[in-house]
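Computed from a predicted model, the values in this text were never measured in an experiment. So that the names make sense, note that chain A is the first sequence line, chain B the second, and so on, each numbered from 1.
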Amino acid sequence: MDASDAELMGRTRSGDLEALGTLFERHQPAIHSFLHRFLGDAAAAEDAVQEVFWRVWQHRSTYDGRQGFTAWLYVIARHAALDEIRRRSRHATPFSGLKDGQEGQLRSGELAIPGSEMSVQRLALRDQVRDALLQLPPEQRTCLILREYESKSHREIAEILGCSEANARVLTHRARQAMRRLLQLVLDAERRESEGSCV
Amino acid sequence: MFEQGECPCRPDLEAFWDDELDALTRDGVLRHLEDCPRCAVENWQQEQLTLLIRAGDPAEALPPRTVQRLRGDLLQRAGASLLGERLPTAVRPKRLWGPLQTFFALGSGLAAVWLIAQRTPHLPPEVPAVQVSKQAQTDPQRRKPREVLPDESPAVPEKPLPLPNRLAQMPSPHAPSRPFDVAAAARIRVTTDTAHAAPVGRVHPLRAPAVERLVIDMSRPAGLPPPRVASVLLIANGSPDSADGESVIVRSDAVEETP
């Protein structure tokens, strides 16, 4: 039977590296996805995911078990992501490796992605969603990602954000409203397409 | 929280989207959606938005090899911190720098060995040439090299040949093609068997052509044993390095130390 997070964290606190490795393997996919969605950049997410678990190791003695390990991990991930954004704003690292004009070509479907299994439309949609997410304030972005992609409850989101459950609900509501505005063109196109297919 | 004029059912609608309603309330919302076109449109738009957000999920899973590398780096770093080792703060590993460092270190070492081998030719053992004065090591007042004249030293050979002539006969790859004029020597390079010792001073023009000995000051930190001279190289004026024909190498066992 697999050890629980609390047991593994207890062993990590006493310096067990294998326990840390098991925690990394267990939680890395979710934390990486959260960071990738939050930062909108694969390389930055890769760096940040290692930074998160390094902070887990560094601050292992401060974990007292009162907070769930997953929530504690997401708090660390959120802070690591915010640090990464601050660092990037100082160094002005571009989000995308695309050259000027290629973003537009990608959206219009003119730019081929060699070796990519995704359709150009799917890539374009992904970029639109990513760009919309990046325009949300960090707290709203956290709420939306945790709610829509990771199906966290508002109680869990409140625990991660360190706010009340009601506040988390308000933030999620505002994030949805903002996303609806930001993706309005795509939503309208989807609606026209569905109406056309019904006729 | 909600805009004015919205349907009063809206709070439940939010909870409905978040799947946080009990079964009874959920059924009530479903019935309301059948009767309220405004809420029905709102619900449809939210469903579309959710589908769109999930379809355009920017996240991609890391490749298994990357996961293994990140895990290995993390555990290595954590293990090092357990041992109290100091590591750089950057999280991202230098993937190429480590092997390159090893490569350059090995290359530099091999190049240094080759250079030393090139500059230390095998010479016949019977060539006397240079004395190294140990007085400089023990006399702190002495800062400049002191010339040891033939009549001052008990270690002088009976009939010493002029140094340039003897050196010119050495089977050395660095031996000059013509007799070397020590008086013209401007620099001296001494290698020792210890890294902490370093020669100071320079060659003195020793009454050419009847040169018998050279005096070299050797510096060394206090408390350490005196260094042993491995080789002495005389470099003529205008010679940039020992590789040209104006340089002379004195074999190590020809070096004598004076007390």
Exercise. Out of curiosity, B:Gln46 CD to A:Leu187 CG, how far, rounded to the nearest 0.5 Å?
Worked result: 9.5 Å
For this session: Check the pair A:Arg147 / B:Asp18 against salt bridge (charged side-chain N to carboxylate O under 4.0 Å, His left out), numbers first and verdict last.
Result: CA-CA 8 Å; A:Arg147 181 61 233 155; B:Asp18 291 328; 2.9 Å; yes
Seminar exercise, completed: So CG of B:Leu62 and NE2 of A:His36: to nearest 0.5 Å the spacing works out to 9.0 Å
Exercise. Can A:Arg37 and B:Glu60 be said to form a salt bridge (charged side-chain N to carboxylate O under 4.0 Å, His left out), step by step?
Worked result: CA-CA 9 Å; A:Arg37 289 161 185 145; B:Glu60 290 171 358; over 6 Å; no
Seminar exercise, completed: When rounded to the nearest 0.5 Å, the distance separating OG of A:Ser153 from CG of B:Asp19 is 11.5 Å
Exercise. What pair of heavy atoms forms the shortest contact from A:Leu125 to B:Ala55, and how long is it?
Worked result: CD2-CB, 3.8 Å
Exercise. Are more than 12 heavy atoms from other residues, nucleotides or ligands located less than 6.0 Å from atom CG of B:Leu24?
Worked result: no
Problem set entry | Any donor-acceptor N or O pair under 3.5 Å, side chains A:His173, B:Glu14 | yes
Problem set entry | Verdict with reasoning, A:Gln28 to B:Arg71, per side-chain hydrogen bond (donor to acceptor under 3.5 Å, both in side chains) | CA-CA 9 Å; A:Gln28 167 277 129; B:Arg71 184 185 185 276; over 6 Å; no
Problem set entry | Under 3.5 Å donor-acceptor, A:Tyr149 side chain and B:Ile53 backbone | yes
Problem set entry | Nearest heavy atoms of A:Gly15 and B:Leu82, plus distance in Å | O-CD1, 3.6 Å
Exercise. Tell me, side chain or backbone of A:Thr12 under 4.5 Å from chain B's heavy atoms, or both, or neither?
Worked result: neither
Exercise. Non-hydrogen atoms of chain A under 4.5 Å away: do they reach the side chain of B:Glu20, the backbone, both or neither?
Worked result: side chain
For this session: Measure A:Glu25 against the heavy atoms of chain B and call it side chain, backbone, both or neither at under 4.5 Å.
Result: side chain
Exercise. So, do A:Glu46 and B:Arg69 sit near enough that their side-chain heavy atoms are less than 4.5 Å apart?
Worked result: yes
Problem set entry | Expected output: side-chain B:Arg54 to main-chain A:Glu148 donor-acceptor under 3.5 Å | yes
Exercise. Any idea which heavy atoms bring A:Leu17 and B:Ala78 closest together, and the distance?
Worked result: CD2-CB, 3.5 Å
For this session: Check whether A:Leu35 gets within reach of chain B through its side chain, its backbone, both or neither, counting any heavy atom under 4.5 Å.
Result: neither
Exercise. Side chain, backbone, both or neither: which part of A:Arg60 has a non-hydrogen atom closer than 4.5 Å to chain B?
Worked result: side chain
Seminar exercise, completed: In this structure, CD of A:Gln50 is separated from CG of B:Leu74 (nearest 0.5 Å) by 6.0 Å
Problem set entry | Engaged part of A:Leu133 at the chain B interface, taking heavy atoms whose separation is under 4.5 Å | side chain
Exercise. Think B:Arg77 forms a cation-pi with A:Trp54, using NZ or CZ under 6.0 Å from the six-ring centre and within 45 degrees of its axis?
Worked result: yes
For this session: Working to the nearest 0.5 Å, report the span between CZ of A:Arg180 and CG of B:Leu52.
Result: 11.5 Å
For this session: Could you look at A:Phe53 and say if it's the side chain, the backbone, both or neither that has a heavy atom under 4.5 Å from chain B?
Result: both
For this session: Go through the steps for A:Arg126 and B:Asp57 under the test side-chain contact (heavy atoms from CB on, under 4.5 Å), then give the verdict.
Result: CA-CA 6 Å; A:Arg126 196 185 65 176; B:Asp57 185 359; over 6 Å; no
Problem set entry | Inter-residue atom distance A:Gln177.CD - B:Leu49.CG, 0.5 Å rounding | 9.5 Å
For this session: I would like to know whether A:Phe24 and B:Leu75 meet side-chain contact (heavy atoms from CB on, under 4.5 Å); could you show each step before the answer?
Result: CA-CA 10 Å; A:Phe24 177 84; B:Leu75 297 189; over 6 Å; no
